[in-house]
Structure formats: C-alpha cells, structure tokens
Amino acid sequence: MKIEKLISQVLIKGIPELYGQPVSQEMIQLQKTNKEFEGDITLVVFPLLKISGKSPEATGQDLGVYLENNIEDIIKFIVYKGFLNMVVSDRYYLEFMNRVCRYNEYGFSAKDTDAETVMVEFSSPNTNKPLHLGHIRNNLLGNSVCNIIKAAGKKVVRTNLVNDRGIHICKSMLAWQKWGNGETPESAGKKGDHLVGDYYVMFDQQCKLQVADLISQGKSRDEAEKTAPLMLEVQEMLRKWESGDAEVYALWKTMNDWVYEGFEETYRRLGIGFDKIYYESDTYLVGRDTVLEGLKNGLFYRHKDGSVWVDLKTEGLDEKVLLRADGTSVYITQDIGTAQERKNDFHPDRMVYVVGNEQNYHFKVLRLVLDKLGFSWAKTLYHLSYGMVELPEGKMKSREGTVVDADDLMDEMIKTAREMSYDLGKLEKLSPEEKEDTFTMIGLGALKYYILKVDPVKNMTFNPRESIDFDGNTGPFIQYTHARIKSVFRKAEENNIKLPEQAILTIALNEKEKNIMKITHDFPEIIINSAETYNPSLIANFIYDLAKEYNQFYHDFSILKEPDPEVRAMRLMLSDLTAKVINSGMGLLGIQVPDRM
RNA sequence: GGUUCCGUAGCUCAGUUGGAUAGAGCAACAGCCUUCUAAGCUGUGGGUCGCGCGUUCGAAUCGCGCCGGAAUCACCA
C-alpha cells in the first residue's frame with residue numbers, strides 16, 4: 001500500500017483513540033515535505049487542533065509518536081510549528097522500486113473490460129487549406145489526452161470531424177476550375193492540401209480585386225462584397241453542390257481527396273491517427289431532421305421568414321438559429337447530427353470535444369439544445385477548450401501571411417535538430433536512416449513538448465527561436481536523459497554487468513537516489529490526475545522534474561564505477577526505472593525517445 | 001455593453017483539494033569534461049504573485065470590486 005494512504009488510514013483510526021473524537025478524510029492533509037526541511041511527507045496539523053485541543057506543536061508531537069509506533073516505514077519525525085515532517089525509510093522506497101521495475105508500463109491503470117468509454121474529437125480540419133500551428137496544438141492535445149485517458153484505464157475512441165462542405169470549400173473549387181488548367185498535386189509537385197489552399201488564397205485575392213473595382217465605381221463595400229461576380233458564382237456553385245450537380249460533385253470529390261492525402265501525410269508525421277472519421281457532409285442532414293422533429297414537438301419555433309430558432313433566454317443565453325430561412329443547415333445543425341451518430345455508433349459514456357476557446361459559447365448552446373431535445377447524454381459532453389497560439393508579434397493572420405504552416409514547421413524543427421547534431425558531432429556511428437529517424441524524433445520532440453508543457457486553458461506564445469531550443473525545460477533535454485541511461489546500459493553490457501532482478505533492501509540511499517524514487521512513486525497519481533483534468537502539461541512537467549533530478553544524480557554519482565556491487569545494482573535499477581517512466585510518460589505526450597543522441 | 005477565460009522574475013512557463021522563506025527554464029555573468037554522452041552539472045543576480053478590500057490560525061490559490069489583455073455575443077465555421 002502507498003505510504004500516504006497508509007498514514008491516512010492509521011490517523012483515521014488513531015486520532016479517535018488519542019483524542020476521543022472522529023476525523024474526516026479532508027482533515028488529514030498530507031503533502032510533500034519542502035526541500036529545506038528534513039523529511040519526506042508532511043502532515044499539516046492545523047486542521048486537527050480543534051480535535052486535539054492542544055497547541056500545534058503538542059498535537060504534532062502526539063501524532064508523530066503515534067505514527068512512528070504504528071507504521072514501520074516511518075522511522076523519524078520532526079515537528080516544526082504546525083507541520084509534522086516524517087522521514088520514510090529507504091527500505092520502503094527500495095521495495096517500491098523492486099515491485100515496480102519489472103513493468104514496462106508502470107503507472108498505467110489496468111484495463112478494465114467494463115471501463116467507461118470516452119470518445120474524443122480532435123483535429124477537425126476544413127478541407128480548404130493546409131494545417132497550421134493552431135491545428136498542431138489541437139492535434140497534439142487531442143492525441144495526448146487520448147493516450148492519457150487510456151493509460152488511466154478507460155476505453156478511448158479517437159474521432160475526427162472533417163468540415164468538408166460549405167461555401168469556403170467551393171471557393172477553392174471555383175478558383176481551380178477557372179485558373180487551374182487541370183493542375184494536380186502530381187503535376188505541381190505539391191501536397192494536395194497545399195495545392196487546394198493556394199486556390200483558396202487565389203480566390204480571395206481575385207475577389208478582393210473585384211470588390212475594389214466595384215467600390216471605385218461608387219458601390220458601398222457591403223454591396224460590393226455581395227455582388228462581386230466571383231461571390232455570385234461561388235454561391236451558385238454551393239447551390240449546385242447541395243442539389244447534387246454531378247460535375248460540381250465530382251470536382252468536390254477530387255479536390256477533397258487531394259486534401260485528405262495531404263492531411264494523411266501530416267498526421268502520419270505528427271504520429272496521429274483516428275478510429276473513426278466523420279464528415280460533415282454525411283451528418284448535417286441528420287441534424288436537420290432532428291431540428292425539424294424538435295420543431296414539430298414545440299421545442300423550437302419558426303420565424304416568419306422560415307428560419308428555425310431555439311430560445312435559450314431562460315438558460316441565460318440568447319436566441320439561436322438552428323436552420324436557415326432557405327432550409328439549409330448552419331454549423332450547430334451539423335454538430336447536433338454528429339453527436340447523435342456518435343452516440344449510436346459507439347455508445348460512449350463521455351464525449352470530449354477538443355476545440356479552441358473561441359467556441360465556448362457554441363458548445364454551451366450545443367449542450368443545451370441536445371438537452372432540450374431530450375437526449376439524456378447531453379450532459380456527458382465536455383468541451384476541452386484550449387487557448388490560442390500566438391506569435392511573439394501577435395496573432396497569426398492569414399491575410400498578412402504570418403500563419404505558420406504545420407508541414408513547414410516540422411521541416412524546420414527537424415532541420416535544426418540535424419544541424420545541431422552535426423555541430424555537436426553526435427550520432428556519427430549511426431547509419432543515415434538511423435540518423436534521420438533520430439533527427440525527426442528530436443525535432444518533433446522539441447515541438448510537441450514545447451506546446452504540451454503549457455496548460456491547455458492558457459493562450460500561449462509560440463516563439464520559433466525558443467521552440468527549437470534544446471536546452472533546459474525542453475523535449476530534447478528529456479530525450480537526452482533517456483539516451484544517457486541507455487548508454488549506461490550499453491556500457492554495462494560490454495562489461496558483462498547485468499540488470500539485477502531485485503535490489504537488496506538494506507542499502508542506505510543518498511538524497512538524489514531517494515528523490516528519484518519519490519518522484520517515480522508519484523507517477524500513477526499524476527496520470528490519473530492528468531486524465532481527470534484533461535491536462536497533458538501535468539505529465540510534461542512531471543517528466544521534466546524527473547529528468548532534472550536524474551541528471552543531478554548522474555552528475556554526482558557513478559553507476560558502473562561504484563565499487564559496492566549492491567549499490568551499483570540498485571543504481572542500475574533506478575536508472576532503468578527512470579528510463580521506463582521517461583519513455584512511457586513521453587509516450588503519453590506522443591513523443592518518442594531515442595536510445596542515442 | 002453582457003458573458004467567459006487569462007494576469008506570477010526582462011522573456012516563456014510551473015506552483016494538487018488554501019499551508020512553511022513563491023519555483024524552473026531562457027537570456028546575462030562566473031565556474032566544471034583524463035572519469036557511465038557537456039543536448040549535461042554548479043553558482044550569482046533578478047518578485048509589491050495586476051491593484052484594493054474581505055474570508056481565517058494561514059491567501060499566488062477562495063469571495064467581492066477595480067485595472068489590463070483575450071475570446072464570444074452571426075441565417076460564418
């Protein structure tokens with residue numbers, strides 16, 4: 001049993017014996033002992049003073065004696081003001097290490113066959129332009145949250161919702177039709193998503209010219225934007241698409257397929273995949289039917305122009321349109337349909353949406369509308385809202401060309417890893433393929449860690465120069481720690497030193513060794529916590545603390561040159577455990593760790 | 001204007017359900033490779049935790065009010 005839990009239990013039994021009054025779990029406040037004091041675990045005694053009727057010091061003293069007498073692994077205690085600092089035996093941590101070292105996935109909860117199923121939607125791209133930095137944060141968060149929830153013992157269904165229809169999609173299509181001259185990704189030598197994105201930009205530019213032209217002819221901006229020939233044409237194209245026009249539909253299909261191929265490549269490099277992909281073009285009709293059904297049942301009302309609305313004023317929100325006057329659907333219509341499809345397909349106990357915080361209001365509305373429609377599972381929707389990614393100069397603006405493209409960014413990170421590696425004279429013994437794999441691991445590791453170490457709710461600044469930094473609190477620093485440990489094991493093997501099965505329990509641990517054991521001891525709890533709060537940054541910061549502590553140990557003490565074979569064996573095991581936790585913790589972030597770097 | 005979120009070192013970020021003298025990294029400066037990988041380690045400087053009031057044994061953390069920033073309040077997605 002974990003020592004913290006044991007202390008809690010003993011106190012709940014012991015305090016009534018000592019003071020004749022019961023205690024509740026919340027009054028037992030255990031925390032890690034601060035660095036500047038001796039001890040491992042601290043009990044805050046202030047909440048217990050009412051029960052003891054004594055001073056903080058006297059209460060701490062009473063409880064210290066009681067715990068020392070009743071728990072074998074508490075070998076000493078020091079009372080300082082209102083804090084009872086307890087020293088945990090080295091034996092306890094050695095036993096812990098022996099117990100845990102044989103598992104490759106130490107810290108992960110056992111997979112329970114009747115565990116709840118959590119469905120997570122993330123990525124959710126539009127098919128009119130390539131993925132950018134904002135999508136990267138979304139993808140990394142979604143992927144990592146899935147890994148973490150799974151590690152916490154739940155079943156996870158990864159899903160993506162592709163926004164593949166609408167006026168914005170038609171814009172690229174129209175531009176290609178007009179000016180593309182039959183260009184294809186192959187003929188252009190370009191990824192499909194980039195090619196389609198180029199036509200989207202082209203449309204925008206041409207349209208602006210027309211608008212400017214109309215304004216110079218004396219029209220208002222508003223009027224010009226509505227009557228520009230290209231705008232009229234693209235609207236006509238959308239109508240054709242919705243009515244199933246064969247030619248438009250074929251073009252849509254072709255260009256979307258180009259985009260999917262491009263996305264596929266980006267996802268593959270990022271290490272991301274899905275169990276199920278939904279397409280808005282498939283689900284919007286389901287939502288429309290549901291809305292009409294709700295209208296029939298009097299849940300919604302029809303405006304005199306024919307549009308359908310929901311009134312959420314009693315819920316503190318406003319009125320919201322659910323279907324346009326012409327009967328076509330809006331964004332939320334599609335989400336209503338998608339949610340139902342998902343429920344039917346997978347029966348999830350929870351549905352998590354990884355979507356930026358600019359859509360907080362939208363998800364509030366979605367939940368309320370689904371609730372109004374009588375879906376009992378509406379309250380199981382959770383919007384994992386994350387902050388915007390900004391550049392040091394401010395927001396990314398596609399107009400000003402400051403959008404950071406996902407593919408370019410990955411290329412840049414890997415390139416930097418390569419240059420850095422050559423500068424440092426690393427990896428010379430590896431084959432070209434192994435080298436490239438390692439550069440990719442490091443470059444992407446830097447990128448992913450840089451983004452995931454920040455609390456999702458916060459807006460973050462993406463500083464390109466800083467993100468490719470490989471020192472300090474970075475992915476490569478952690479990867480390096482792993483590579484160092486693996487290097488020790490290679491050396492051990494050369495010298496015929498084997499990793500022992502068990503460490504003997506009578507070894508006296510130094511401070512660094514004990515610290516590393518204490519940190520790894522917390523890993524299971526960190527995973528649970530991180531899963532419950534949908535927060536990968538907890539894992540990232542935890543792994544960093546571990547790597548930092550290990551590097552100090554590595555610097556201060558020798559492993560293979562340690563003369564005492566029992567101590568050497570223990571240090572090897574400790575190193576092995578550290579490597580395993582780094583490996584699986586980074587794995588939860590979607591980051592691979594190399595054996596050499 | 002209403003609602004929601006954010007505000008911690010020059011910069012980027014940590015800081016469990018309120019706990020001891022608020023921590024890392026980057027940048028700057030000064031050290032450490034004959035020894036398991038120096039992408040490492042050590043040290044120095046750097047703070048009115050946006051401001052004020054309140055709650056209490058105790059507040060960066062909770063409440064209220066300001067100030068600053070962001071998002072949103074579309075028959076856009």
Side-chain angles (χ1 to χ4, degrees), chain A residues 26 29 31-37 42 44-47 49 56 80-83 85 124 126 163 166-168 280 303 305-309 316-318 320-332 334-335 356-362 364-365 385 387-388 390 392 395 417 420-421 423-424 426 442 446 450 453-455 457-463 465-467 469-474 476-481 483-492 495 522 525-526 529 533 537-538 540-541 544-545 547-548 551-552 554-562 571 575 596-597:
Chain A
E26 307 84 69
Q29 289 185 22
Q31 55 189 254
K32 288 179 197 81
T33 304
N34 280 16
K35 267 188 181 157
E36 64 252 48
F37 300 101
T42 294
V44 184
V45 303
F46 295 108
L49 299 183
Y80 180 78
K81 295 185 176 169
F83 300 91
N85 299 331
S124 313
N126 291 351
N163 181 261
I167 195 92
H168 51 297
E280 192 194 318
H303 194 264
D305 67 6
S307 53
V308 178
W309 293 73
L317 303 180
D318 209 341
K320 183 91 188 167
V321 69
L322 301 177
L323 280 179
R324 291 195 187 99
D326 64 3
T328 59
S329 58
V330 289
Y331 184 49
I332 196 162
Q334 161 278 124
D335 259 338
N357 63 11
E358 77 264 15
Q359 293 189 32
N360 287 354
Y361 183 76
H362 169 77
K364 224 179 260 181
V365 172
S385 163
M388 299 288 99
E390 288 167 16
K395 292 184 183 188
M420 192 85 83
S421 184
D423 283 353
L424 293 169
K426 301 262 180 182
I442 297 169
Y450 183 84
K453 74 175 175 182
V454 181
D455 187 334
V457 304
K458 292 187 175 172
N459 283 3
M460 65 171 291
T461 308
F462 185 89
N463 185 329
R465 209 171 327 141
E466 224 172 69
S467 68
D469 219 329
F470 291 179
D471 303 324
N473 189 357
T474 64
F477 168 85
I478 297 166
Q479 291 172 318
Y480 179 69
T481 309
R484 273 181 143 182
I485 296 173
K486 289 295 166 182
S487 171
V488 171
F489 280 102
R490 281 192 297 273
K491 232 357 80 91
N495 295 304
D522 287 338
E525 200 186 322
I526 298 288
N529 206 328
T533 55
S537 78
L538 299 182
N541 288 302
Y544 173 65
D545 286 341
K548 192 168 166 51
N551 274 312
Q552 290 170 11
Y554 181 94
H555 178 266
D556 292 351
F557 302 97
S558 182
I559 299 166
L560 298 175
K561 299 222 164 64
E562 164 59 39
R571 287 185 184 162
S575 300
R596 298 171 204 264
M597 69 181 271

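Every heavy atom of this structure was used, including side-chain atoms; hydrogens, water molecules and symmetry mates were not. Numbers restart at 1 for each chain; the letters A, B, ... are given by sequence-line order, proteins then strands.
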So what does A/Gln359 touch, heavy atoms closer than 4.0 Å: a base, only the sugar-phosphate, or nothing? base
Quick one: list whatever passes side chain to side chain contact (heavy atoms under 4.5 Å, CB included) with A/Leu424, sequence neighbours left out. A/Met420, A/Lys426
Sort me out a list of protein N/O and nucleotides 7-14 of chain B N/O pairs below 3.5 Å, or just none if empty.
unit_1 : atom_1 : unit_2   : atom_2 : d
B/G7   : OP1    : A/Lys458 : NZ     : 3.2
B/C13  : OP1    : A/Thr461 : N      : 2.8
B/A14  : OP1    : A/Asp455 : N      : 2.5
B/A14  : OP2    : A/Lys458 : NZ     : 3.0

Using both pair distances under 3.5 Å as the test, note the stems of at least 3 consecutive Watson-Crick or G-U pairs that include RNA chain B. B:1-7 with B:67-73, B:10-13 with B:23-26, B:28-32 with B:40-44, B:50-54 with B:62-66
Extract from the structure each pairing of a protein N or O with an N or O of nucleotides 30-35 of chain B at less than 3.5 Å, listing the distance.
unit_1 : atom_1 : unit_2   : atom_2 : d
B/U35  : O2'    : A/Lys561 : NZ     : 3.0

Residues in salt bridge (Lys or Arg N to Asp or Glu O under 4.0 Å) contact with A/Asp522, at least two apart in sequence or another chain: A/Lys32
Non-neighbouring partners of A/His555 that pass side chain to side chain contact (heavy atoms under 4.5 Å, CB included), sequence neighbours left out: none
Using a cutoff of under 3.5 Å, can you pull out all pairs of nitrogen or oxygen atoms linking the protein to nucleotides 19-22 of chain B, with atom names and distances?
unit_1 : atom_1 : unit_2  : atom_2 : d
B/G19  : N7     : A/Gln29 : OE1    : 3.1
B/A20  : N6     : A/Thr42 : OG1    : 2.9
B/A20  : N6     : A/Asn85 : OD1    : 3.0
B/A20  : N1     : A/Asn85 : OD1    : 3.3
B/A20  : N1     : A/Asn85 : ND2    : 3.2

For A/Gly306 and for A/Tyr544, find the nucleotide of RNA chain B with the closest heavy atom, then tell me which residue's nucleotide is more 5'. A/Tyr544
Kindly write out the residues that satisfy side-chain hydrogen bond (donor to acceptor under 3.5 Å, both in side chains) with A/Thr481, not counting sequence neighbours, or none if the list is empty. A/Asn551
Taking side-chain hydrogen bond (donor to acceptor under 3.5 Å, both in side chains) as the test, write out the residues that go with A/Asn126, two or more places apart. none
For A/Tyr361, report the nucleic acid contact type (base, sugar-phosphate, nothing); a contact means any heavy atom under 4.0 Å. sugar-phosphate
Residues at least two apart in sequence or cross-chain that pass side-chain hydrogen bond (donor to acceptor under 3.5 Å, both in side chains) with A/Glu562, listed by chain then number, are A/Arg571
Verdict with supporting geometry, A/Thr328 and A/Asp326, side chain to side chain donor-acceptor pair (under 3.5 Å): CA-CA 6 Å; A/Thr328 59; A/Asp326 64 3; 2.6 Å; yes
Could you tell me which residues satisfy side chain to side chain contact (heavy atoms under 4.5 Å, CB included) with A/Asn473, sequence neighbours excluded, listed by chain and number? A/Tyr449, A/Lys453, A/Asn541, A/Tyr544
Would you please name every residue forming a side-chain hydrogen bond (donor to acceptor under 3.5 Å, both in side chains) with A/Ser467, sequence neighbours left out? none
